[in-house]
There are 2 protein chains.
Amino acid sequence: MNKTARKSRTGARRSVTIKDVARYAGVSPMTVSRVVNGGQYVSDTTRQTVMQAVRQLGYSPNLAARNLASARGERMGLLYGNPSASYLSEFLVGALDAATRHGVQLVLEKCEMTPTASRRAVRRLVAGGVVGVVLPPPLCESAVIRTELQTARMRIVAVAAGRPPADTMCVSIDDFAAAREMTRYLLALGHTRLGFIKGHPNQTASEERWRGFTAAVEEHGNLPAPRVEQGFFTFRSGLDAARKLLASEPRPTAIFASNDDMAAAVMAEAHRHGLEVPNDLTVVGFDDSLIAANIWPGLTTIHQPIAQMAGEAVDMLVAAVRGGRRGAAAEPVHRLVAHELITRESAARPKSAAA
Amino acid sequence: MNKTARKSRTGARRSVTIKDVARYAGVSPMTVSRVVNGGQYVSDTTRQTVMQAVRQLGYSPNLAARNLASARGERMGLLYGNPSASYLSEFLVGALDAATRHGVQLVLEKCEMTPTASRRAVRRLVAGGVVGVVLPPPLCESAVIRTELQTARMRIVAVAAGRPPADTMCVSIDDFAAAREMTRYLLALGHTRLGFIKGHPNQTASEERWRGFTAAVEEHGNLPAPRVEQGFFTFRSGLDAARKLLASEPRPTAIFASNDDMAAAVMAEAHRHGLEVPNDLTVVGFDDSLIAANIWPGLTTIHQPIAQMAGEAVDMLVAAVRGGRRGAAAEPVHRLVAHELITRESAARPKSAAA
DNA sequence: CCCTCGTTTGGTATCGCTACCATCCCCCGA
DNA sequence: TCGGGGGATGGTAGCGATACCAAACGAGGG
């Protein structure tokens, strides 16, 4: 009957606005805005009052209005290539969750690792109004893509790069420490003849894992030289590497593959050789991807909190973009998150030790 | 030279607005708005002119402004439960892509299938300003969640429900036809002793697949009764079912599992029994999830275009919401998309036939 | 004691778009 | 010929928030 009510298009409850809060707190909308956005130049008492009002009224800023007013077209890009695919699912969940929390839109773009493809992808992102990009592996290693993005004046956060360039924001686990921990675990089980399958040579994480492995081997000392094969993070490459490792004499009693897909391949190959895991052969992986729990025996592996990492990457991006607009030219941050060794059924004491 | 240019806070290129288009096309902003939003009451010639201008200038509407003005928080929800996990990745990619295309925001919400959990999830979605929800399996089967969502006056699109309720929008493949096709394929290979692992009993897709299987068996006629076990779409349940099937006498020569995870379990179990796939046992799955290509031998399975389905679901949602506001109460649509039988290495002629 | 400086606050002008209403125009029947 | 009806268009007023500037205030140096 009154027009305010009629104004409400949807008939739904009109949400509480900054003005309501301002009136309630007895200050101006501007002050409320400053408080909510953590601006400086607000006295403590005022801040208290306003925050109180915010809580009482259950105020939450209207993102559309905020974006419009601040003219910050806050869209973040997520440039994904061909990650060890189960990665993507978790990654997206984490990233999207964080994006929603910050009220920014996430724009997906697929991209091969060739110069032309990446150029085109970046152009599409720019056209889409994207101001920052999250780079999951393996794209985060591509210098081409990074250069391309930097030329377009995008902020970027690399995720899970083993050794990120100093000028790039990055969130990752400590691949070195994780691989060392896993190797120590194998050694503690009593294994002495170890096999290792390296990851793709142009990802720095591969090298970190390899370094972690050798570090543990060396600190233990007094071991026969481990067998090492080159892999490429794919199931297929794991198959080839496993074949070679299992053919060697004496055969390793434990194989550490640089990721789960390759570890799964080792297990498949072991079966074909009539070897039982873990009794005849211990197999461990890295990543704790979906496949790790969905094969039998379950894979002992290193868990990366992928969703969390993706989320933090988005957080950093948002902070950088907003901070950047505010002039606070924060230097690139490298953020380490904790990994975890997950023990399932694929690792056991070697027979010789058990006997 | 003019102050409009100076106004731009970031110093970056100001994006092209509705006014620019209007000026360029020689009409008013309102008319442009109507054209862009597919409104009626625009002459064809005007529409052409405007669309031309839009294309020329590369105009894309500012979401923030649109949302603000129309007070329609065009956010779509994606309520996911515990799908056969690799599903999620592709699903998200497809959904997010479509969301970006339509310029709507996608809000993720995880939800268990209990009443309290779903109630809470729905409340969170409402609070987040979501107006429509995509329901991937297995949530699309939950009456509780559907009711809850309908109470909140949300539009919903169910994805991959086997037999969707008539009053719900839905996009899926023809599970019945797909399962029948796969079964025919097994029969054509010469298998006669078949085993089947059913999917989770409270998902209608399970029953459709089962019906497709029996239909093919019956139309072939003249077969020993297939062995059937109940599964629950999990790897673990597949393991149990496989154990029983492989223990039966005479042992089936081909096992059709209602999804890939269970098929992978069958393969694992077969290995433990010393059976080689596909020489001693043919195993086929359903879904073409990531695991299908990442085990050895690769799994022959039914491919669902998951990303496409998710995308279409979002399309339908957007259409419904926009159309709905316009009063066009379109009736629920059921959309079928094409599946495909993917042959890999896990299926072969039975030994008896080969001999 | 005045003046400047820096903190704290409030006003005003948008941001880009759409809802709503007022026009204008053309075609029709009386 | 004129009035009426409905299609097609334009004008105006916000949506809710922030950027920018101006003003009010207390404190300290000359």
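When reading the values below, keep in mind they use all heavy atoms of this one structure, side chains included, and skip hydrogens, waters and symmetry mates. Every chain is numbered from 1, with letters handed out A, B, ... down the list of sequences.
Regarding contacts with the backbone of C/dT18, a side-chain N or O of B/Asn37 is found under 4.0 angstrom from either OP1 or OP2. Phosphate proximity of C/dC15 to B/Asn62: absent, as no side-chain N or O sits under 4.0 Å from OP1 or OP2.
Note on residues 103-114 of chain A: pairs passing salt bridge (Lys or Arg N to Asp or Glu O under 4.0 Å), not counting sequence neighbours, are A/Glu109-A/Arg124. Within the structure, the salt bridge (Lys or Arg N to Asp or Glu O under 4.0 Å) test picks out the following pairs touching residues 306-315 of chain A (sequence neighbours left out): A/Arg101-A/Asp315, A/Glu312-A/Arg335.
One atom, CG of A/Asn67, and another, P of D/dC15, lie 18 Å apart when rounded to the nearest Å. Distance, A/Gln48 CD to C/dT8 C1': 16 Å, rounded to whole Å. In this structure, the CD1 atom of A/Ile18 is 8 Å from the C1' atom of D/dT18, given to the nearest Å. Atom CG in B/Leu68 sits roughly 13 Å away from atom C1' in C/dA19 (whole-Å rounding). Here the P atom of nucleotide C/dG16 and the CG atom of B/Asp20 are 9 Å apart, to the nearest Å.
Taking each heavy atom of A/Ala64 and B/Leu68 in turn, the nearest pair found is CB-N, 3.9 Å.
Between the side chain of B/Asp20 and the backbone N or O of B/Thr17 there is at least one donor-acceptor pair closer than 3.5 Å.
By the side chain to side chain contact (heavy atoms under 4.5 Å, CB included) test, A/Ala25 pairs with A/Val27, A/Thr49, A/Val50, A/Ala53, sequence neighbours left out. The side chain to side chain donor-acceptor pair (under 3.5 Å) search around A/Ser43 returns A/Thr45, A/Thr46, not counting sequence neighbours. For the salt bridge (Lys or Arg N to Asp or Glu O under 4.0 Å) test, no residue two or more places apart in sequence or in another chain qualifies with B/Arg120. For A/Tyr59, there are no side chain to side chain donor-acceptor pair (under 3.5 Å) partners, not counting sequence neighbours. For B/Ser172, the side chain to side chain donor-acceptor pair (under 3.5 Å) test picks out no residue, with sequence neighbours left out. Here A/Ala160 pairs with A/Tyr87, A/Pro137, A/Gln304, A/Met309 under the side chain to side chain contact (heavy atoms under 4.5 Å, CB included) rule; sequence neighbours left out. Not counting sequence neighbours, B/Arg47 has no partner by the side chain to side chain donor-acceptor pair (under 3.5 Å) test.
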Which protein N or O atoms sit under 3.5 Å from an N or O of nucleotides 10-12 of chain C?
{"residue": "C/dG10", "atom": "OP2", "partner": "A/Ser28", "partner atom": "N", "Å": "2.9"}
{"residue": "C/dG10", "atom": "OP2", "partner": "A/Ser28", "partner atom": "OG", "Å": "3.2"}
{"residue": "C/dG10", "atom": "OP2", "partner": "A/Thr31", "partner atom": "OG1", "Å": "2.6"}
{"residue": "C/dG10", "atom": "N7", "partner": "A/Arg34", "partner atom": "NH2", "Å": "3.1"}

Between the protein and nucleotides 6-8 of chain D, are there any N/O to N/O pairs under 3.5 Å, and if so, what are the atom names and distances?
{"residue": "D/dG7", "atom": "OP2", "partner": "B/Tyr41", "partner atom": "OH", "Å": "3.0"}

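Listed nucleotides: C/dT18, D/dG16, D/dT18. Nearest to the side chain of B/Arg66: C/dT18.
Direction change of the helix axis from one end of the helix from C/dC1-D/dG30 to C/dA30-D/dT1 to the other is 50°, with five pairs defining each end axis (rounded to 10°).
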